[in-house]
Amino acid sequence: MSTIRAIRGMNDILPDETPHWRRLEQVVCRLLNSYGYGEIRLPLVEHTELFKRSIGEVTDIVEKEMYSFDDRNGESLTLRPEGTAGCVRAAIQQGLLTVPQRLWYAGPMFRYERPQKGRQRQFHQIGVEALGVASVEMDAELILLCARLWRRLGLAGSVELQINSIGSSAARRAYRAALVEYLSAHRAALDEDSQRRLDSNPLRILDSKNPDTQALLDAAPVLADYLDAEARDDFDRLRELLTAAGVAFVVNPRLVRGLDYYNKTVFEFVTERLGAQGTVCAGGRYDNLVEQLGGKSTPAVGFAMGMERLVLLMLETGAAGDAAPAQADVYAVAVGEDAHREALVAVEAVRDSLPGLAIVQHTGGGSFKSQLKRADKSGASVALIWGEDEVRAQSVTVKFLRDGAGQGDKTGQRSVPRDQLEATLRAAFAD
RNA sequence: GUGGCCGUAGCUCAUCAGGUAGAGCACUGGAUUGUGACUCCGGAGGUGGCGGGUUCGAGACCCGUCGGCCACCCCA
């Protein structure tokens, strides 16, 4: 019989790692609350059309990376490859756009890509979207919020902020034409991938990893020269605000976006420590998307973080700390049917009065020896033991498993009358 | 989709001119007829990813295939 394995690129996250995920989620959730962002929960599946219209028909994501399928009624649905489209769709549909909205969400996204370090087919993002505010102060707020998040997570020293402005779509169109004209004249000098991009997505050539291509770009037209006045003013103002707030940044004039809906401000937080997939958080302004999806014209800006990458980075840098998987405080051992019954009842009573204690009740029988072995492995500092003697005497044996010098009465073991169990445990876990 | 490296016990890995498998950890039993961690002794666990080829003989060599990792591409 062959075993069934997980889908390639869709990974299990085991109890070793989930505490780090939980910490990340908790820190993010608290931080976003403190900035006035509300959580929104969105479907994993949307009409395929939503992503075609938002991300762009000719992007790689839409052309070859989406998990699309026909529903039973024949319409094409898609597992969301990113969160912004669904969030904007919901904001329009639910009438949230009458006032500025600060929203966030977290969850799995799906892209059919070749897995590698920091990249899988089911991955998890936390997305933040601010809808209805055109002013660049909103862009700054989001970046400041990110910077604070890195500080809270202990990652501030591990990431670098890169910013750029890609201007209005008209400005970009003009620049694209100039860039294509320049690069076409040097077509032969371009690497194979960039030659292909010359037709499909010329701006993407700017962040090519090929050194020869990068060298060729040194003499190419510069995006900044093509920016409209408004975009240029906003970008100046953004730099002023970030500087005033003490947030370090690098202007990367070749920073562009893979998704079509972005304009003006774009930004990324990148790290050197994760190999090739160094972008840990990326976003920008998308003032035309709401209208493109059928809503009334509404400016917007947002970003998304890759949770796998952040957890990796936390582990890599030691910022993850020693968050341990859930461990027991108390392990209950019982041998014999009567003892099991006594133990069950007593442990449930303790759960009522001391709800904060993690108590594992041994199941599956076995000798005192094997059960105590389990107790030790569980990490519990106290074992409660029931056997024939305890049943007869209406008592329980309390055994301290983590004896230490100076622990006073928290060493060895002793017999405690059944009705004093709760008080004994309360004292044992007082600190 | 392309390329490189790699698939031996649950995990981490050995072995060998090609002569039909071994360690540590984990699991389990005992030394201790009601007591863990340390120690000692024992046990279980592998159709060597799968299929084909070369060979008297293949886990080792060759081909194919599937899977893993990393990189390209793409992107969070």
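A note on names: the letters A, B, ... follow the listed sequences, proteins ahead of strands, and every chain is numbered from 1. Quantities reported herein were computed from a predicted structural model and do not represent experimental measurements.
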Can you tell me how far [atom2] of [N] sits from [atom1] of [X], to the nearest Å?
X	N	atom1	atom2	result
A:Phe368	B:rG30	CZ	P	14 Å
A:Lys117	B:rC75	NZ	P	21 Å
A:Glu113	B:rC72	CD	P	12 Å
A:Lys64	B:rC73	NZ	C1'	7 Å
A:Arg114	B:rC69	CZ	P	10 Å
A:Glu388	B:rG34	CD	P	9 Å
A:Phe123	B:rC75	CZ	C1'	8 Å
A:Asp376	B:rU39	CG	P	13 Å

Q.
By nearest atom, which of the nucleotides B:rC73, B:rA76, B:rG67 is closest to the A:Leu259 side chain?
A.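 Closest nucleotide among those given: B:rA76.
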Q) Which nucleotide sits closest to the side chain of A:Thr397: B:rA76, B:rU35, B:rG36? A)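 Taking heavy atoms from C-beta onward, the closest nucleotide is B:rU35.
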For [N] and [M], measure between their [atom1] atoms and round to the nearest Å.
N	M	atom1	answer
B:rG49	B:rG7	P	9 Å
B:rA60	B:rG48	C1'	10 Å
B:rC38	B:rC61	C1'	48 Å
B:rU55	B:rG18	C1'	9 Å
B:rU15	B:rC6	P	14 Å
B:rA23	B:rU8	C1'	13 Å
B:rG52	B:rA58	P	13 Å
B:rU32	B:rC40	C1'	13 Å

Under the side-chain hydrogen bond (donor to acceptor under 3.5 Å, both in side chains) test against A:Arg285, which residue among A:Asn263, A:Asp139, A:Thr265 passes?
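Of the listed options, the one satisfying the test is A:Asp139.
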Here's a test for you: under side-chain hydrogen bond (donor to acceptor under 3.5 Å, both in side chains), which of A:Glu39, A:Arg41, A:Glu129 qualifies with A:Tyr105?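 The single option meeting the side-chain hydrogen bond (donor to acceptor under 3.5 Å, both in side chains) with A:Tyr105 is A:Glu129.
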Students often get this wrong, so: under 4.0 angstrom with heavy atoms, is [X] touching a base, only sugar-phosphate, or nothing?
X	answer
A:Glu65	sugar-phosphate
A:Glu63	nothing
A:Val335	nothing
A:Ile126	nothing
A:Ala375	nothing
A:Gln371	nothing
A:Arg8	sugar-phosphate
A:Lys399	base
A:Gly118	base

> Is the shortest heavy-atom distance from the side chain of A:Gln120 to the side chain of A:Glu308 under 4.5 Å?
Replying inline: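 Contact flag for A:Gln120/A:Glu308 side chains = yes.
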For [N], does the base pair up with any side-chain atom of [X] as donor and acceptor (N or O, under 3.5 Å, distance only)?
X	N	value
A:Gln413	B:rU35	yes
A:Gln116	B:rC73	yes
A:Arg309	B:rC75	yes
A:Glu390	B:rG34	yes

On the nucleotide [N], are OP1 or OP2 found under 4.0 Å from the side-chain N or O atoms that [X] carries?
X	N	result
A:Arg119	B:rA76	no
A:Arg204	B:rC75	yes
A:Arg374	B:rU28	yes
A:Lys369	B:rU35	no
A:Lys377	B:rC27	yes

Check your understanding: Which residue, A:Asp191 or A:Thr279, contacts RNA chain B at a nucleotide closer to its 5' end, judged by nearest heavy atom?
Key ->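 Taking each residue's closest nucleotide, the earlier one in sequence belongs to A:Asp191.
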- Would you kindly compare A:Ala282 and A:Gly387 by the position of their nearest RNA chain B nucleotide and give the one closer to the 5′ end?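 Its nucleotide being nearer the 5' end, the pick is A:Gly387.
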**Asked** If every non-hydrogen atom of A:Val347 is compared with every non-hydrogen atom of A:Ile359, which pair is closest and at what distance?
**Response**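 Closest heavy-atom pair between A:Val347 and A:Ile359: CG1-CG2, 3.8 Å.
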Q: State, to 0.1 Å, how close A:His20 and A:Val311 come at their nearest heavy-atom pair, and which atoms those are.
A: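 Looks like CB-CG1, 4.2 Å.
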With both pairing distances under 3.5 angstrom for Watson-Crick or G-U wobble, and | for a partner in another strand, the correct string for RNA chain B is (((((((..((((.....[..)))).(((((.......))))).....(((((..]....))))))))))))....
Problem set entry | Under 3.5 Å donor-acceptor, A:Arg53 side chain and A:Thr48 backbone |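 Looks like no, no N/O pair under 3.5 Å.
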Checklist entry - With distance as the sole test, does A:Arg119 use its side chain to make a donor-acceptor pair with the main-chain N or O of A:Arg114 at under 3.5 Å? => result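 Flag set: sc A:Arg119 to bb A:Arg114 pair under 3.5 Å.
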What side-chain donor-acceptor pairs closer than 3.5 Å can you find for residues 273-283 of chain A, not counting sequence neighbours?
residue, atom, partner, partner atom, Å
A:Gln277, OE1, A:Arg309, NH2, 3.2
A:Thr279, OG1, A:Glu268, OE1, 3.0

A:Phe249: what forms a ring pair (Phe, Tyr, Trp, His ring centres under 6.0 Å) with it, not counting sequence neighbours?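 Here no residue qualifies.
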With rounding to the nearest 0.5 Å, note down the distance linking CG in A:Asp60 to OH in A:Tyr112.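 Between A:Asp60 CG and A:Tyr112 OH, I get 14.5 Å after rounding to 0.5 Å.
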Ring centre gap for A:Trp21 and A:His124 strictly below 6.0 Å
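Ring-ring flag for A:Trp21/A:His124: true, centres closer than 6.0 Å.
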